[in-house]
Participant: 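Attaching a single structure in C-alpha cells format; questions to follow.
Within every chain, numbering begins at 1; the chains are lettered A, B, ... in the order of the sequence lines, protein sequences first and strands thereafter.
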2 protein chains.
Amino acid sequence: MKDRMTPAVRMTGHTQRGQCAKRMSILDAAADVFCRQGFAGASIDEIAAVACVSRQTIYNHYREKETLFVAVVEDVMNRANAMLFSVLSTFPANADNLEDELTAFAVRLNKNCICNHDGKFLRKLVQTEGERYPHLFESWRQQGPGKLTTALSALFARLAHKGTLVIGDFDVAARQFVALGNADLQMMILLGGTPTDEELEKAARNAVHTFLKAYGRPDAEKAGHPRQLAAISG
Amino acid sequence: MKDRMTPAVRMTGHTQRGQCAKRMSILDAAADVFCRQGFAGASIDEIAAVACVSRQTIYNHYREKETLFVAVVEDVMNRANAMLFSVLSTFPANADNLEDELTAFAVRLNKNCICNHDGKFLRKLVQTEGERYPHLFESWRQQGPGKLTTALSALFARLAHKGTLVIGDFDVAARQFVALGNADLQMMILLGGTPTDEELEKAARNAVHTFLKAYGRPDAEKAGHPRQLAAISG
DNA sequence: GTAAAGTTAGACGCCATTGTCTAAAACGTC
DNA sequence: GACGTTTTAGACAATGGCGTCTAACTTTAC
C-alpha cells in the first residue's frame, strides 16, 4: 500500500503547491459544509462539489469523514488562536483616552475573533459535536476562551496596578468585559448573522461605557463624552 | 384513510390519557435525542427506544420525522416561555436590599430559564437547525430572548423612575444584566454542562455587584457586603 | 517525450435510515 | 366476553451516504 498521507516530502515545487492548494480547498469547503449541516448532515459529495474536487481526492488526502472533520477543526482552531493572539497584542498599553481605546479593542476582539467565520464555526461545532469529540474541543476551550480570559485578566491587572482601574477580581472582570462586549450581539451571534461595523461600534461602546462605570476610578469622570448609544434594532 | 391526527376527541377517559402519555413520552424522548444528535443524526428507532414505544406509534402520532421535530420544538418553546413568564413575575418590586434580591432573581433566571433542560435544548437547536427552520425559531427569538429583554427593560425603567437605579438606555441595561449574569457560566453553557447551586449563586452575585456598581445610585454605597467572590474554577 | 504521480468520473457493495404495511397482541369500553 | 381502537414487532422497498475500486485523464519532473 502506498503511503498516501506523507507524499509531500518526496515531491518538489509545483506538485506540492498543487496538492497543498487542493488540501486547503477541501478544508475550506468542509468547514463550510460541516458548519451548515453538522457532522452527520454533511455529505462528502457536497464537500467535494463545493471544493471543486472529486470525491476520491478527498479520500486520498483524508482517509475518512472523521479524519477530515478532525483536520478541519484543528485547522480552524489554529487560525482562530493566531488571530486571538494577534488581537490581544493590541490591548491598549497606556491609559490616555482609555474609553476610546478599550472600545476600539473590543471592536477588534468581536470582529476578528467572535463574529468572524472561524469564531462562528467553532462555537457552533463545539455545541453540536462537543460531546462526541471531547478531547478535540477541550484544547479549544483551553487555548481559546481560556487563554482569552487569562490574558485579559493579566492586562486588566496591569491597568489596576497603575491605578487606572479599580478591580476586585481580575478573572471576573475579564469575563465580564467579554460578556458585556457580546451583550448587544447575542442574538446575532446565536443566529449566525454578521453585525455591521456600525453595530460593532455601538455594542463595544455600550460595553466599555458600562465596564468603566463599574471598574473605572471613581474620581476619573470624563466630560463631554457621548451618552450611551441607542439599542441595536432587532 | 382514517383521521389519525385527531382521534382523541372521540375517545373517552382512560384511552385518551394513555394516548396523551404516549405523546408526551415521545416528545420527551425526541427532545433528548434531537438535542444530543441534531436533526440529521437522530434516528426514529433511537427515539422509539428511549420513549419505550414502537416505531410505528411514532409514525401514527407524528406523520414523519420533520413533523415530530416541529412538534418537539413547539412543546419545549411553550414550556420555556411559561417558565420565563413565571420567573419574570418574581422580579423584586421594592428596593429594600436590592443587591440580594436582584441576585436571587438572577439565580432564578439562570437556573430555570438559561441552564435548564429546555434552555439548553433551544439554544443548541437554534444554532444547529435555525437556518433550516427560520420561521420556527423566529417565534422563539421574539417570545424568548425578545420578551426577556423587553420585560427586563420595563422593570429596570420602573426602578430608575423610583430613583433606585440610574440608567441611560433601559434596553441596553437589560441586555447587559443578562450578559453579566451569564459571564461566569459561558463555558458551561457552551459545553452543555449544568452549574451547581453554588456556582449559580457566585455568578449571580458577581453579575449583580458589577451591575449595581455601574447603574446603582452613586450615593447608595452599601456597607459590610461581601467583596466580589472568587472565580468559578474551570 | 516519457514516466510517475495525482486527479477524475463513474460504478459498485454495503449499511443505516426512512416510511409503509401487515398480522398479532394489548387495552379499554360496553 | 365481544368489540373497537391502539400498540407492537417485524418484514419490506426505497433512498442515500460512505468508502472502495478501476480505467482514463492531467499534471509535473526529468
Participant: Looking at A:S25 and A:A21, would you say the former's side chain and the latter's main chain have a donor-acceptor pair under 3.5 Å?
Facilitator: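 A pair under 3.5 Å: no.
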Participant: If you look at every heavy atom in A:I26 and A:A51, which pair is closest and at what distance?
Facilitator: CA-CB, 4.0 Å
Participant: Could you check if a side-chain atom of A:L84 sits within less than 4.5 angstrom of a side-chain atom of A:L109, using non-hydrogen atoms only?
Facilitator: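 In short, these two side chains touch, coming nearer than 4.5 Å.
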Participant: Just wondering, do B:E199 and B:M188 contact through their side chains at under 4.5 Å, heavy atoms?
Facilitator: yes
Participant: Heavy atoms under 4.0 Å is the rule here; annotate nucleotides 13-24 of chain D 5' to 3' with B where the base is hit, S where only the sugar-phosphate is, and - elsewhere.
Facilitator: ----SSBBB---
Participant: Any residue in residues 69-76 of chain B with a heavy atom nearer than 4.0 angstrom to DNA chain D? Just list them by number, or reply none.
Facilitator: none
Participant: Validate the cation-pi geometry between A:K65 and A:F39: distance from NZ or CZ to the six-membered ring centre under 6.0 Å, angle to the ring axis within 45°.
Facilitator: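 Yes - A:K65 lies over the ring of A:F39, closer than 6.0 Å to its centre and within 45° of its axis.
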Participant: Would one find a side-chain N or O of A:T57 under 4.0 angstrom from OP1 or OP2 of C:dT8?
Facilitator: yes
Participant: Counting only side-chain N and O atoms of B:K22, is one of them less than 4.0 Å from OP1 or OP2 of D:dT8?
Facilitator: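 Yes, because at least one side-chain N or O of B:K22 sits under 4.0 Å from OP1 or OP2 of D:dT8.
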Participant: What is the separation between atom CZ on B:F34 and atom P on C:dT17, rounded to the nearest whole Å?
Facilitator: 13 Å
Participant: Establish, yes or no, whether the cationic atom of A:R23 lies under 6.0 Å from the six-membered ring centre of A:Y62 and within 45° of the ring axis.
Facilitator: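 Output yes; distance and angle both within limits.
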Participant: C:dT18 C1' sits how many Å from B:Y62 OH, rounded?
Facilitator: 18 Å
Participant: Return the set of residues passing salt bridge (Lys or Arg N to Asp or Glu O under 4.0 Å) with A:E101 (not counting sequence neighbours), or none when no residue passes.
Facilitator: none
Participant: Would one find a side-chain N or O of B:H61 under 4.0 angstrom from OP1 or OP2 of D:dT7?
Facilitator: yes
Participant: Could you check if a side-chain atom of B:F34 sits within less than 4.5 angstrom of a side-chain atom of B:V73, using non-hydrogen atoms only?
Facilitator: no
